[in-house]
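First the structure, in the form of structure tokens, and then the observations on it.
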Amino acid sequence: MIVGIDYSINSPGICILNEDGIHFGTLARNHIAKPDFFETLRNYNVHTWDHPRYKAIGNSTIDAQGFTDDAMQQAIALSEMCKTINQGKGDTEENIAVFEGFSFGSKGNRLAQLAGYQYVARAQMIS
């Protein structure tokens with residue numbers, strides 16, 4: 001399996017190539033679009049994963065914990081989506097995952113947060 005990942009905090013997208021062909025998926029958060037948008041994606045065989053987001057409350061200690069947990073939950077969902085799409089298809093030991101580079105438009109704390117989320121996802125994908 002080869003997995004291409006366009007990683008973002010709000011709407012990661014994946015493309016998987018396995019012996020059955022090319023498959024697409026999104027972990028778009030439930031606030032990104034209306035439910036009928038996700039239904040349309042499913043009608044075109046795009047795998048979707050309803051993933052809520054952590055909403056900052058303004059307490060830096062609690063928010064740091066909340067965002068860390070959010071990154072871990074999103075990474076687990078990404079890994080599970082890949083396993084679900086690839087279930088029973090090809091070699092499960094020899095997989096390749098490729099992440100798109102970090103956002104060029106992001107700056108400061110947002111770029112650091114994106115990098116943190118992506119590295120948590122990378123760690124999850126290799127475990």
Side-chain angles (χ1 to χ4, degrees):
M1 165 177 72
I2 300 173
V3 181
I5 302 168
D6 179 0
Y7 200 86
S8 72
I9 293 172
N10 286 322
S11 186
I14 65 170
C15 178
I16 293 178
L17 175 64
N18 64 21
E19 64 186 34
D20 284 346
I22 298 175
H23 311 272
F24 299 97
T26 181
L27 288 161
R29 302 206 185 236
N30 52 21
H31 73 283
I32 295 297
K34 294 180 180 178
D36 60 334
F37 173 76
F38 293 105
E39 186 62 33
T40 299
L41 289 176
R42 286 188 287 276
N43 288 339
Y44 285 96
N45 296 318
V46 175
H47 297 267
T48 62
W49 198 289
D50 186 14
H51 186 67
R53 70 176 170 155
Y54 174 76
K55 295 179 184 174
I57 62 169
N59 178 310
S60 60
T61 302
I62 293 171
D63 286 342
Q65 293 170 347
F67 285 122
T68 300
D69 183 59
D70 187 54
M72 291 168 42
Q73 294 304 315
Q74 189 177 52
I76 290 167
L78 178 71
S79 178
E80 289 301 315
M81 178 179 273
C82 290
K83 289 176 187 175
T84 298
I85 292 171
N86 201 53
Q87 191 169 23
K89 315 283 188 316
D91 189 350
T92 58
E93 297 297 320
E94 296 291 326
N95 297 315
I96 298 170
V98 180
F99 284 78
E100 180 184 33
F102 299 121
S103 173
F104 292 108
S106 297
K107 296 179 182 177
N109 288 341
R110 190 65 173 169
L111 180 57
Q113 185 181 32
L114 174 62
Y117 269 68
Q118 191 179 113
Y119 279 110
V120 169
R122 289 174 186 221
Q124 179 65 35
M125 293 293 287
I126 62 172
S127 63

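At a threshold of 4.5 Å between non-hydrogen side-chain atoms, the residues Met72 and Thr68 count as touching. Counting only heavy atoms from C-beta outward, the side chains of His23 and Cys15 never approach each other to under 4.5 Å. A 4.5 Å side-chain heavy-atom check between Tyr117 and Gln74 finds at least one atom pair inside the cut-off. Annotation: side chain of Gln118 is not in contact with side chain of Ile5 (no heavy-atom distance under 4.5 Å). In this structure, the side chains of Ile14 and Ile85 come closer than 4.5 Å at one or more pairs of heavy atoms. You'll find the side chain of Cys82 reaches within 4.5 Å of the side chain of Met125, heavy atoms only. The shortest distance between side-chain heavy atoms of Ile9 and Arg53 does not fall below 4.5 Å.
A donor-acceptor contact shorter than 3.5 Å links the side chain of Asn95 to the backbone of Met1. Under a 3.5 Å cut-off, the side chain of Ser11 and the backbone N or O of Arg29 do not form any donor-acceptor pair. A donor-acceptor distance shorter than 3.5 angstrom exists from the side chain of Asp63 to the backbone of Ile57, with no hydrogens or angles considered. At least one donor-acceptor pair under 3.5 Å links the side chain of Thr84 to the backbone N or O of Glu80.
Hydrophobic clustering, with ILVMFWY side chains joined whenever heavy atoms are under 4.5 angstrom apart, groups Tyr54 together with Leu27. By the criterion of side-chain heavy atoms lying less than 4.5 angstrom apart, applied directly or through intervening Ile, Leu, Val, Met, Phe, Trp or Tyr residues, Val46 is grouped together with Phe37 in one hydrophobic cluster. Linking ILVMFWY residues whenever their side-chain heavy atoms come closer than 4.5 Å, directly or via other members, leaves Leu78 and Phe24 in distinct clusters. The same ILVMFWY cluster, assembled from side-chain heavy atoms under 4.5 Å apart, contains both Phe67 and Leu114. Leu41 and Ile22 fall within a single hydrophobic cluster, where Ile, Leu, Val, Met, Phe, Trp and Tyr are joined by side-chain heavy atoms under 4.5 Å apart, directly or via other members.
Of all heavy-atom pairs between Ile96 and Val98, the closest is CG2-CG2, 3.9 Å. Residues Val3 and Ile16 approach most closely at CG2-CG1, 3.9 Å, considering heavy atoms. Among all heavy-atom pairs drawn from Ser8 and Pro12, the shortest one is O-CG, 3.1 Å.
Aromatic ring pairs are classed by plane angle as parallel below 30°, tilted from 30° to 60° and perpendicular above 60°; the pair Phe99 and Tyr7 is tilted.
Within a 6.0 Å radius of CG in Asn43, more than 12 heavy atoms belonging to other residues, nucleotides or ligands are found.
For the atom pair CG (Asp70) and CD (Gln73), the distance works out to 8.0 Å, reported to the nearest 0.5 Å.
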